[in-house]
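Here the structure is a predicted model, which means the values were calculated and not measured. The figures that follow rest on heavy atoms only: side chains count, while hydrogens, waters and symmetry mates do not. We number each residue from 1, following the sequence as shown.
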Amino acid sequence: MSRRKKIYEGKAKILYEGPEPGTLVQYFKDDATAFNAQKKAVLNGKGALNNRISEYIMISLGRIGIPTHFIKRLNMREQLIKKVDIIPIEVICRNVAAGSICKMLGLEEGETLPRSIIEFCYKKDELGDPLVSEEHITAFGWASTAEIDEMTAMALRINDFLCGMFAAVGIRLIDFKIEFGRHTDENGDFQILLADEISPDSCRLWDMKTDKKLDKDRFRRDLGGVTEAYTEVATRLGLIKDNPKKSTPTLSIVPNGDT
Ligand code: UDP
């Protein structure tokens, strides 16, 4: 992989040039960062877990008609994706109050919101990804009104699907962040695709019975057991074989049967 051209290195992932024009290889690192990279750690196995969980979610969303950048998983840490121009907006969908909305509106963590709420943040690390309105997005030309409408509609469909998918394995989807990219295929057809990743790094996931956090808040809040929690999410989704002889499940990945 080191011989491939590195296109971009982010906090948790690296993008390399792909084997075909219009493709990239997305490599999932074990690095964890929080609070705008002020807090850092290496969590062994996190990259492989996020690669597998994100693959499963992207394939599942593709099946319900959400266009995604995902092509196929290449190995434990890498997936082949379509090259897109990332829209510089983080789309956040919230079902239950947690994180920044609690601080901003004085809500109690765990309060169910009156309805699912979509927020937009401008992707700018130097500014700490500030919350912005549609007015800012269109005025500064980050996305058009039509693109905002499309991203909002997709985020709500993704939320509906993921709430059901996680509920089926005893997990409550509190909130999540997604990113979209502009893609033009070989026939010149233009489309907005779901990009980046969907994993316990970008979602809040609580056990339905105990409210145990199974996501990156374990790292942000020094709760410990971060990779164990991600492993539990993968195991409940049926992505990891539970080995009864071992105290922690092995990361022998169950083939998805799709690729
Ligand atoms: N999130 C993310 N990347 C970011 C900011 C937020 O993946 O740069 C996710 C976060 O994990 C949570 C949701 O988006 O699932 C809402 O995050 P929030 O605005 O509460 O931010 P936080 O307080 O976690 O920084």
In Å and rounded to the nearest 0.5 Å, what is the [atom1] to [atom2] distance from [X] to [Y]?
| X | Y | atom1 | atom2 | answer |
| --- | --- | --- | --- | --- |
| Glu147 | Phe180 | CD | CZ | 11.0 Å |
| Ile158 | Ser60 | CD1 | OG | 12.0 Å |
| Thr184 | Asp189 | OG1 | CG | 8.5 Å |
| Glu197 | Met58 | CD | CE | 8.0 Å |
| Lys212 | Arg172 | NZ | CZ | 16.0 Å |
| Asp175 | Asn95 | CG | CG | 8.0 Å |

Should [X] and [Y] be regarded as members of a common hydrophobic cluster, given that ILVMFWY residues are connected when their side-chain heavy atoms come within less than 4.5 Å of each other, either directly or indirectly?
| X | Y | result |
| --- | --- | --- |
| Ile178 | Leu61 | yes |
| Ile66 | Leu156 | yes |
| Met165 | Met154 | yes |
| Ile14 | Val84 | no |
| Ile198 | Ile87 | yes |

Query - Note: Arg182-Asp85 ion pair, threshold 4.0 Å (strictly below) - result: no
Report task. Using the salt bridge (Lys or Arg N to Asp or Glu O under 4.0 Å) rule, take Lys177 and Asp196 through it: C-alpha gap first, then chi angles, then the decisive distance, then the call. Result -> CA-CA 10 Å; Lys177 183 268 302 180; Asp196 193 51; 3.2 Å; yes
Report task. Apply side-chain contact (heavy atoms from CB on, under 4.5 Å) to Ile171 and Leu237, showing your working. Result -> CA-CA 10 Å; Ile171 293 173; Leu237 290 172; 6.0 Å; no
Minimum heavy-atom separation for [X] and [Y], please, with both atom names.
| X | Y | value |
| --- | --- | --- |
| Phe219 | Ala32 | CZ-O, 3.7 Å |
| Cys121 | Ile92 | SG-CD1, 3.9 Å |
| Phe166 | Ile57 | CZ-CD1, 4.1 Å |
| Gly62 | Thr68 | N-CG2, 4.4 Å |
| Tyr230 | Ile53 | O-CD1, 3.8 Å |
| Phe28 | Ser54 | CZ-CB, 4.3 Å |

Looking at [X] and [Y], would you say the former's side chain and the latter's main chain have a donor-acceptor pair under 3.5 Å?
| X | Y | value |
| --- | --- | --- |
| Asp215 | Asp217 | yes |
| His69 | Lys83 | no |
| Arg157 | Ile64 | yes |
| Lys213 | Ala229 | no |
| Asn51 | Arg73 | no |

Requested in this report: Could you tell me how the ring of Tyr27 sits relative to the ring of Tyr16: parallel (under 30°), tilted (30 to 60°) or perpendicular (over 60°)?
Outcome: perpendicular
Query raised in the report: With respect to Asp30, which candidate in Arg77, Lys40, Lys13 satisfies the salt bridge (charged side-chain N to carboxylate O under 4.0 Å, His left out) definition?
Result: Arg77
Requested in this report: Would you mind telling me which of Lys46, Arg218, Lys216 makes a salt bridge (charged side-chain N to carboxylate O under 4.0 Å, His left out) with Asp201?
Outcome: Lys46
Query raised in the report: Got more than 12 heavy atoms from elsewhere within 6.0 Å of CZ, Arg221?
Result: yes
Query - Test log, rule side-chain contact (heavy atoms from CB on, under 4.5 Å), inputs Ser202 and Phe176 - result: CA-CA 6 Å; Ser202 59; Phe176 62 94; 5.7 Å; no
Which atom pairs, donor and acceptor, lie under 3.5 Å between side-chain atoms of residues 125-132 and protein residues at least two apart or in another chain?
{"unit_1": "Asp125", "atom_1": "OD1", "unit_2": "Lys11", "atom_2": "NZ", "d": "3.2"}
{"unit_1": "Asp129", "atom_1": "OD1", "unit_2": "Lys124", "atom_2": "N", "d": "2.9"}

Report task. Evaluate side-chain contact (heavy atoms from CB on, under 4.5 Å) for Glu179 paired with Ile86, printing each intermediate quantity in order. Result -> CA-CA 7 Å; Glu179 296 183 24; Ile86 288 285; 3.9 Å; yes
Query - Note, Ile148 side chain near Ile89 side chain (heavy atom, < 4.5 Å) - result: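 Ile148 does not reach Ile89 side chain to side chain.
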Could you tabulate the donor-acceptor pairs under 3.5 Å formed by side-chain atoms of residues 96-108, not counting sequence neighbours?
{"unit_1": "Ser100", "atom_1": "OG", "unit_2": "Arg94", "atom_2": "NH2", "d": "2.9"}

Report task. For Cys203 and Leu173, run side-chain contact (heavy atoms from CB on, under 4.5 Å): C-alpha distance rounded to whole Å, both residues' side-chain angles, the deciding distance at 0.1 Å, then the answer. Result -> CA-CA 7 Å; Cys203 302; Leu173 178 62; 4.2 Å; yes
Query raised in the report: For Arg236, which residues count as a side-chain hydrogen bond (donor to acceptor under 3.5 Å, both in side chains) partner, sequence neighbours excluded?
Result: Asp207, Glu232
